[in-house]
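Before any comments, here is the structure.
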Amino acid sequence: MKTILATTYAVNPYKGSEDGMGWNYVLQIAKNNKVIAITRENNQNAIEKYMDEHPNVLYKNITFLYFDLPYWMRWWKKGGRGAMLYYWMWQKGVVGFVTKQNLTFDIAHNLNFHNDWTPSYLWKLGKPFVWGPVGHHPLIPAQYLSKYSIKYLLKDRFTWLVKNYFWKYSTSLTNTTKNADFVWCMNESVPERLHLKPSQYEIIPSVASQDFGYLPYEHSNKFTFISVGRLVPLKGFDLTLQAFAVFYHTLSEIEKANTELLIVGSGPEEKRLIKMAADLKISENVQFIIWMERAELMKIFKQAQVFLFPSHEGAGMVVPEALSFGLPVVCLDNCGPGSFITNRCGIKILEDDYQCTVINLAQAIKNLYKDKTLYANMRHEARVQFEKVFHWDRRGEQLAKIYKSL
């Protein structure tokens, strides 16, 4: 059994997304190895509270250490504002923190909250160095930002320029790539951007889900589409609404009464999206759920039929959750959600001009609604895809394999 030093910037067992993933990755490491997990000080209360409330034999293999930069170096960080800049500073500072602790470990692993343009410095510790999962977020095609303020297009393009600067000129990023013994790439775009050697990396999805309980398909007159995420342009909720509207207006009055779209999330585009639903004359059949406990969200997943998620991101952490409930996924054919599903468990729509994308998404959800055999088969295959690829146990097996190879 080896000891893994893992930097896990974001860890909170009560949350989903990156924080929940950090917690689950630590647990998966602990199944086969000891782990020293270093995270931010603001995560300590939640971690200790959860461990007290949920005893687990794996905790004997876990040691949490808490580190933050002095307040005078981080007073300007508020919530998500400045998160990437502070993360970069935190990664630089954590090397000195580890050195002062005189820790004994076999492998250093920069585990979460990173991407293919933010360097890591754990290679300086002189141990085998694992980097990843490392993600890549592509440019959002301009046509998909047309329903939003121009500021989003400008921000996306400016961020792309910053990324390109790091890819081309950052010696720290070059050193990270050169000194990584293994790079866990979330999608095929990462090794292309970082020019990794074939022996240096493997493409493995980063996202996963626990099993919240699966019920075999039973036909119901009620047909619910669900979409989950922050209400920002990156998530493509405008496409969700537009496609649902095209589909909805082809239904009979009886069918309309038994069809609904649930959008779960909050964010700056909430009012714009609510107005869009009204303009499309679908407000009566679209419900915006701005916030709910995670346990309640899982109950809604159980009652839904299709997960509609035309997101432009390079990941999509809610997709495995949808698959765990046997929900076919309708998404864009991209390096994020599009790389998670097969044609057996969902429908991927090619990126095209805006209106063609809307029409094709609408046709996809109509096919699942009308063709009961197709839907039942995809529901079964969605669950199979979850069990084979996206159960948290699969990540634990992959981590054990990586560490063993080093």
Side-chain angles (χ1 to χ4, degrees), residues 214-229 235-265 273 276-289 297 299-311 316 318-319 321-333 337-338 340-352 354-386:
Y214 168 69
L215 298 174
Y217 173 60
E218 293 183 3
H219 177 70
S220 171
N221 289 329
K222 188 76 170 180
F223 206 93
T224 300
F225 298 90
I226 184 172
S227 194
V228 181
K235 303 292 185 176
F237 283 108
D238 56 300
L239 291 171
T240 297
L241 290 169
Q242 296 279 350
F244 180 77
V246 171
F247 158 74
Y248 174 80
H249 290 303
T250 67
L251 302 178
S252 67
E253 292 304 314
I254 295 177
E255 289 174 322
K256 287 179 180 178
N258 291 310
T259 305
E260 65 178 348
L261 168 64
L262 304 181
I263 293 180
V264 183
L273 293 169
M276 181 181 293
D279 292 342
L280 293 167
K281 297 180 170 53
I282 55 175
S283 290
E284 291 185 4
N285 294 75
V286 177
Q287 183 180 356
F288 286 85
I289 304 173
L297 174 59
K299 292 179 183 178
I300 290 182
F301 266 125
K302 284 184 179 180
Q303 299 166 3
Q305 277 70 48
V306 172
F307 190 58
L308 180 53
F309 195 62
S311 172
V318 288
V319 174
E321 291 175 346
L323 292 172
S324 76
F325 292 103
L327 300 190
V329 177
V330 177
C331 63
L332 300 180
D333 190 3
F340 297 164
I341 69 169
T342 68
N343 293 330
R344 296 167 66 90
C345 67
I347 302 175
K348 298 185 281 189
I349 303 303
L350 291 174
E351 294 179 334
D352 205 329
Y354 191 92
Q355 198 55 35
C356 281
T357 304
V358 169
I359 295 301
N360 290 334
L361 285 167
Q363 186 61 51
I365 63 177
K366 184 176 182 179
N367 290 344
L368 288 169
Y369 176 80
K370 292 289 188 180
D371 191 333
K372 304 305 179 188
T373 301
L374 173 68
Y375 175 75
N377 289 340
M378 281 201 169
R379 184 180 176 89
H380 170 75
E381 291 296 332
R383 178 65 186 188
V384 170
Q385 180 75 345
F386 162 71

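These numbers come from the heavy atoms of this one structure, side chains and all, not from hydrogens, waters or symmetry mates.
- Across all their heavy atoms, Ile282 and Leu241 have their closest contact at CD1-O, 3.7 Å.
- In terms of modelled atom types and a separation under 3.5 Å, the side chain of Gln385 and the main chain of Phe340 share a donor-acceptor contact.
- Taking every heavy atom of both residues into account, Leu361 and Ala243 meet most closely at CB-CB, 3.6 Å.
- Note that CZ of Arg383 is 9.0 Å distant from CZ of Phe325, once rounded to the nearest 0.5 Å.
- Using a 3.5 Å distance cut-off with no hydrogens or angles, the side chains of Glu321 and Ser324 do not pair a donor with an acceptor.
- Shortest non-hydrogen contact noted between Ile254 and Asn258 is O-ND2, 3.3 Å.
- From Leu327, atom CG reaches atom CG of Leu368 across 11.0 Å, with rounding to the nearest 0.5 Å.
- Asn285 contributes a side-chain N or O that, together with a main-chain N or O of Thr259, makes up a donor-acceptor pair within less than 3.5 Å.
- You'll find the side chain of Lys366 reaches within 4.5 Å of the side chain of Thr250, heavy atoms only.
- Contact check for Lys299 versus Leu297: no side-chain heavy atoms found under the 4.5 Å cut-off.
- Under the 4.5 Å side-chain criterion, counting only non-hydrogen atoms from C-beta, Met378 is in contact with Ile347.
- Between Phe225 and Phe307, a ring centre-to-centre spacing not shorter than 6.0 Å is recorded.
- Defined by atom type and a distance below 3.5 Å, a donor-acceptor pair is present between the side-chain atoms of Asn367 and Gln363.
- A heavy-atom distance below 4.5 Å is not found between the side chains of Leu273 and Ile263.
- Note that CZ of Phe301 and CG of Leu323 are 9.5 Å apart. Values are rounded to the nearest 0.5 Å.
- Taking the side chain as every heavy atom from C-beta outward, Pro310 and Thr240 approach each other to under 4.5 Å.
- The minimum heavy-atom distance between His249 and Leu280, with the atom names listed, is NE2-O, 2.9 Å.
- Formation of a donor-acceptor pair under 3.5 Å by the Lys235 side chain with backbone atoms of Ser311 is not found in this model.
- Contact annotation: the side chain of Asn360 never approaches that of Leu350 to less than 4.5 Å [non-hydrogen atoms, C-beta and beyond].
- Shown here is Glu255, whose CD atom has more than 12 heavy atoms of other residues, nucleotides or ligands within 6.0 Å.
- Within the model, atoms CD1 of Ile365 and NZ of Lys370 stand 12.0 Å from one another, a figure rounded to the nearest 0.5 Å.
- The shortest non-hydrogen separation linking Lys222 to Gln305 is O-OE1, 3.4 Å.
- Put simply, CZ on Phe223 and CG on Leu251 are 10.5 Å apart, with the number rounded to the nearest 0.5 Å.
- Put simply, the side chain of Asp279 does not reach to within 4.5 Å of the side chain of Lys281, judged on heavy atoms.
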For the pair Lys348 and Leu332, evaluate side chain to side chain contact (heavy atoms under 4.5 Å, CB included) and give the outcome as yes or no after the intermediate values. CA-CA 5 Å; Lys348 298 185 281 189; Leu332 300 180; over 6 Å; no

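- Among Thr342, Ile341, Val306, Leu308, the single residue meeting the side-chain contact (heavy atoms from CB on, under 4.5 Å) criterion with Val329 is Ile341.
- A distance-only check finds a donor-acceptor pair linking the side chain of Ser283 to the backbone of Ala278 [under 3.5 Å].
- Considering all non-hydrogen atoms of both residues, Cys331 and Phe309 come closest at CB-O, 3.3 Å.
- A cation-pi arrangement, defined by a distance under 6.0 Å to the six-membered ring centre and an angle within 45 degrees of its axis, is present between Lys256 and Tyr248.
- The side-chain heavy atoms of Gln242 and Leu239, taken from C-beta on, include no pair separated by under 4.5 Å.
- Formation of a donor-acceptor pair under 3.5 Å by the Gln303 side chain with backbone atoms of Ile300 is not found in this model.
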